[in-house]
Engineer: 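Right, I'll just put the structure down here and ask away after.
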Amino acid sequence: MKVVIFSTCLVDLIFPNVGKAMVEVLERFGCETYMPMQQICCGQITFNSGYVKESTKVMHNEIDALMSVDADYIVGPAGSCVNMLKELQFHLPKGDDAYKAKAHEMANKTYEFSQFLYRVLGVLDAGAELDAVATYHRSCHMTRLLGERESPYILMDHVKGLTVKELPHIENCCGFGGMFSMKMPEVSQEMVNEKVSDVESTGAQVLISCDPGCLMNIGGRFNRLGKKITIMHLAEVLNSNVDMSRVKYVDATQRRAIDQQTLEHSNAHEEALV
């Protein structure tokens with residue numbers, strides 16, 4: 001199975017260890033990975049800032065780069081960026097039919113890392129082990145736009161030695177939001193301060209997320225406040241102390257039942273907090 005790695009800007013420039021962990025996990029499960037060097041940015045920041053016309057060239061470049069390999073799938077380590085990649089077909093200008101068609105084809109084979117591991121490869125237990133108490137930050141874009149809630153929880157549930165504490169107000173944004181944190185820094189800071197307090201209230205040693213932007217924002221605020229937290233992307237967690245003899249898979253029928261159970265638990269937890 002051929003997989004193109006959608007590196008994303010933050011992973012490429014700030015969290016290369018996340019990209020490395022993702023590739024190692026995917027290759028461990030039989031994927032042949034490719035990393036097109038032409039990719040730079042998906043265009044989300046400039047597009048969301050109102051530079052729609054100026055973003056077109058950036059979007060074209062990303063489409064050309066990621067589609068330069070005749071791969072089965074495209075996989076990225078950030079729910080936010082993956083969602084943008086899937087929506088490029090709707091953001092391209094009217095009349096840009098050739099690239100719209102190419103973007104549509106690209107969207108149909110693009111997945112966020114945990115989503116791909118669980119929903120495409122059928123991995124239930126990646127064989128990882130991490131002796132820690134952690135909490136999970138559920139990013140806005142991955143949950144509300146990409147629509148993926150269950151996969152990270154299910155994969156974390158099967159990490160040996162890992163205790164995951166429920167994060168209060170998990171539905172709340174961490175305050176990053178790309179350009180939002182730059183245009184409204186005071187509001188953004190108050191939002192991330194609340195998120196820091198919620199993380200601390202769990203007693204967790206580790207903060208896990210599937211979006212590097214959120215990890216950068218929350219981890220950065222912990223650091224500025226002189227407080228300690230270990231931030232880990234889920235790919236790093238699943239690449240920790242792996243024992244392949246413990247790997248387990250699920251089929252589509254089993255996955256539907258697990259999804260429903262996980263979703264019901266998540267909804268019940270959020271209702272209890274209202």
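Both backbone and side-chain heavy atoms feed into the values below; hydrogens, waters and symmetry mates do not.
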Engineer: Between Tyr34 and Val3, is any pair of side-chain heavy atoms under 4.5 Å apart?
Structural biologist: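 Result no, sub-4.5 Å side-chain heavy-atom pair not found.
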Engineer: Determine yes or no for a side-chain-to-main-chain donor-acceptor pair under 3.5 angstrom, with Gln254 supplying the side chain and Asp251 the backbone.
Structural biologist: yes
Engineer: Do the side-chain N and O atoms of Glu194 and Asn172 include a donor-acceptor pair separated by under 3.5 angstrom?
Structural biologist: no
Engineer: Using only heavy-atom distances, determine whether the side chains of Tyr249 and Asp125 contain a donor-acceptor pair under 3.5 Å.
Structural biologist: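 Short answer, no.
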Engineer: Is there a path of hydrophobic side-chain contacts, each under 4.5 Å between heavy atoms of I, L, V, M, F, W or Y residues, that connects Leu145 with Leu88?
Structural biologist: no
Engineer: Within the 4.5 Å heavy-atom criterion, are Met191 and Phe180 side-chain neighbours or not?
Structural biologist: yes
Engineer: Does any donor atom in the side chain of Asp64 or Gln38 lie under 3.5 Å from an acceptor atom in the other side chain?
Structural biologist: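 There is no such pair between these side chains.
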Engineer: Would you say that Val123 contacts Leu238 through its side chain, given a criterion of any heavy-atom pair below 4.5 Å between the two side chains?
Structural biologist: no
Engineer: Got a second to check how far Met67's CE is from Ile74's CD1, nearest 0.5 Å?
Structural biologist: 6.0 Å
Engineer: Could you walk me through whether Cys31 and Leu121 pass side-chain contact (heavy atoms from CB on, under 4.5 Å), step by step?
Structural biologist: CA-CA 10 Å; Cys31 298; Leu121 298 185; 4.1 Å; yes
Engineer: Do you reckon Tyr73 sits in the same ILVMFWY cluster as Met35, going by side-chain contacts under 4.5 Å, direct or chained?
Structural biologist: yes
Engineer: Output, in order, the C-alpha distance, side-chain angles, deciding distance and verdict of salt bridge (Lys or Arg N to Asp or Glu O under 4.0 Å) for Arg119 and Glu150.
Structural biologist: CA-CA 10 Å; Arg119 300 196 183 283; Glu150 297 84 20; 3.0 Å; yes
Engineer: Quick check against the 3.5 Å criterion: does Ser240 have a side-chain atom that pairs as donor or acceptor with the backbone of Glu129?
Structural biologist: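 Answer holds: yes.
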Engineer: Got a second to check how far Leu146's CG is from Tyr111's OH, nearest 0.5 Å?
Structural biologist: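 Here the interatomic distance stands at 10.5 Å.
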Engineer: Would you say the side-chain atoms of Glu148 pair up with the backbone N or O of Ser151, donor to acceptor, closer than 3.5 Å?
Structural biologist: yes
Engineer: May I ask you to decide if Ala204's main-chain N or O and Thr202's side chain share a donor-acceptor pair within less than 3.5 Å?
Structural biologist: yes
Engineer: Within this structure, what is the CZ-CG distance for the pair Arg246 and Leu124, rounded to the nearest 0.5 Å?
Structural biologist: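 The distance works out to 11.5 Å.
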Engineer: What distance separates Arg221 CZ from Asn193 CG, expressed to the nearest 0.5 Å?
Structural biologist: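 It comes to 4.5 Å.
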Engineer: May I ask you to say whether Lys20 pairs ionically with Glu236, meaning some side-chain N is under 4.0 Å from a carboxylate O?
Structural biologist: no
Engineer: Mind running side-chain contact (heavy atoms from CB on, under 4.5 Å) on Asp70 and Lys2 for me, showing each step along the way?
Structural biologist: CA-CA 8 Å; Asp70 184 20; Lys2 293 183 178 180; 5.6 Å; no
Engineer: Would you please say whether a donor-acceptor pair under 3.5 Å links the side chains of Thr33 and Glu27?
Structural biologist: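 Their side chains do contain a donor-acceptor pair, which is all the 3.5 Å distance test asks for.
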Engineer: Are Val58 and Leu10 grouped together when hydrophobic residues (ILVMFWY) are joined by side-chain heavy atoms under 4.5 angstrom apart?
Structural biologist: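 No: no chain of side-chain contacts under 4.5 Å links Val58 to Leu10.
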Engineer: For atom CE of Met37, is the number of surrounding heavy atoms from other residues, nucleotides or ligands below 6.0 Å larger than 12?
Structural biologist: no
Engineer: Decide yes or no for Leu85 and Phe6: does some side-chain heavy atom of the first lie under 4.5 Å from some side-chain heavy atom of the second?
Structural biologist: yes
Engineer: Would a distance-only check, ignoring hydrogens and angles, find a side-chain to backbone donor-acceptor pair under 3.5 Å from Ser55 to Phe47?
Structural biologist: yes
Engineer: Applying salt bridge (Lys or Arg N to Asp or Glu O under 4.0 Å) to Glu200 and Lys227, what does each step give before you reach the verdict?
Structural biologist: CA-CA 9 Å; Glu200 286 185 309; Lys227 299 179 177 183; 3.1 Å; yes
Engineer: Ignoring hydrogens and angles, state whether a donor on the side chain of Asp211 or Ser209 is under 3.5 Å from an acceptor on the partner side chain.
Structural biologist: no
Engineer: Please examine the side chains of Phe90 and Lys100, heavy atoms only from C-beta on, and report whether any two atoms are closer than 4.5 Å.
Structural biologist: no
Engineer: Got a second to check how far Glu32's CD is from Leu26's CG, nearest 0.5 Å?
Structural biologist: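 Result: 12.5 Å between the selected atoms.
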Engineer: Yes or no on side-chain contact (heavy atoms from CB on, under 4.5 Å) for Leu92 and Ile63, after CA distance, side-chain angles and deciding distance?
Structural biologist: CA-CA 11 Å; Leu92 290 167; Ile63 293 167; 4.0 Å; yes
Engineer: To check you understand the geometry: which heavy-atom pair defines the closest contact between Pro168 and Ser201, and what is its length?
Structural biologist: CG-OG, 3.5 Å
Engineer: Considering non-hydrogen atoms only, spot the tightest contact between Leu167 and His137 and give its length.
Structural biologist: CD2-CA, 4.0 Å
Engineer: Does any part of the side chain of Ser7, heavy atoms only, come nearer than 4.5 Å to the side chain of Gln39, both counted from C-beta?
Structural biologist: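 Yes, their side chains come closer than 4.5 Å.
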Engineer: CG of Asn17: more than 12 outside heavy atoms within 6.0 angstrom?
Structural biologist: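 Result for CG/Asn17: enclosed.
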Engineer: Using side-chain heavy atoms (C-beta onward) and a distance below 4.5 Å, is Val206 in contact with Ile229?
Structural biologist: no
Engineer: Checking side-chain contact (heavy atoms from CB on, under 4.5 Å) against Ile231, which of Asn223, Leu215, Ile218, Val199 comes through?
Structural biologist: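 When side-chain contact (heavy atoms from CB on, under 4.5 Å) is applied between Ile231 and each of Asn223, Leu215, Ile218, Val199, only Leu215 qualifies.
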Engineer: For Ala107, does its backbone N or O pair with a side-chain atom of Gln89 as donor and acceptor, under 3.5 Å?
Structural biologist: no
Engineer: Measuring only between side-chain heavy atoms, which start at C-beta, is Phe116 closer than 4.5 Å to Val82?
Structural biologist: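 Result no, sub-4.5 Å side-chain heavy-atom pair not found.
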Engineer: Say you draw a straight line from CG of Asn61 to CG of Leu66; how long is it, rounded to the nearest 0.5 Å?
Structural biologist: 9.0 Å
Engineer: Test side-chain contact (heavy atoms from CB on, under 4.5 Å) on Met232 and Val18; report intermediate values, then the result.
Structural biologist: CA-CA 8 Å; Met232 294 184 75; Val18 171; over 6 Å; no
Engineer: Quick one: closest heavy-atom pair of Asn217 and Phe176, and the distance?
Structural biologist: ND2-N, 3.4 Å
Engineer: For Arg224, I'd like to know if atom CZ has over 12 heavy atoms of other residues, nucleotides or ligands within 6.0 Å.
Structural biologist: no
Engineer: Please check if Met216 and Leu225 belong to a single hydrophobic cluster, counting links between Ile, Leu, Val, Met, Phe, Trp and Tyr side chain heavy atoms closer than 4.5 Å.
Structural biologist: yes
Engineer: Is NZ or CZ of Lys195 both nearer than 6.0 Å to the six-membered ring centre of Phe222 and within 45° of the ring axis?
Structural biologist: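 No cation-pi geometry.
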Engineer: Side chains of Asp259 and Tyr118: is there a donor and an acceptor less than 3.5 Å apart?
Structural biologist: yes
Engineer: Between His141 and Ser80, do the side chains contain a donor N or O and an acceptor N or O under 3.5 Å apart?
Structural biologist: yes
Engineer: Just checking, is any N or O donor in the side chain of Ser114 or Glu112 under 3.5 Å from an acceptor N or O on the other one?
Structural biologist: yes
Engineer: Of all heavy-atom pairs between Lys109 and Asp72, which one has the smallest distance, and what is that distance?
Structural biologist: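 Nearest pair, atom of Lys109 first, then Asp72: CB-O, 3.4 Å.
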Engineer: Does Thr262 reach the main-chain N or O of Ile258 with its side chain, forming a donor-acceptor pair under 3.5 Å?
Structural biologist: yes
Engineer: Testing the basics here: between Gly76 and Met22, what is the closest heavy-atom pair and its distance to 0.1 Å?
Structural biologist: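 For Gly76 and Met22, the tightest heavy-atom pair comes out as C-SD, 3.9 Å.
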Engineer: Please answer whether the main-chain N or O of Thr110 pairs with a side-chain N or O of Lys86 as donor and acceptor at a distance below 3.5 Å.
Structural biologist: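 Yes; judged by distance alone, with no hydrogens or angles, the pair exists.
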Engineer: Parallel, tilted or perpendicular: which fits the ring planes of His233 and Phe113, with parallel below 30° and perpendicular above 60°?
Structural biologist: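 Tilted: the ring planes of His233 and Phe113 meet at 30° to 60°.
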Engineer: Can you check whether Lys102's main-chain N or O pairs, donor with acceptor, with Glu105's side chain at less than 3.5 Å?
Structural biologist: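 Such a contact is absent between Glu105 side chain and Lys102 backbone.
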Engineer: Do Ile5 and Met1 land in one hydrophobic cluster if side-chain heavy atoms of ILVMFWY residues count as linked below 4.5 Å?
Structural biologist: yes
Engineer: How close do Val242 and Ala126 get, heavy atom to heavy atom, and via which atoms?
Structural biologist: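 Where Val242 meets Ala126 most closely, the heavy atoms are CG1-O, 3.7 Å.
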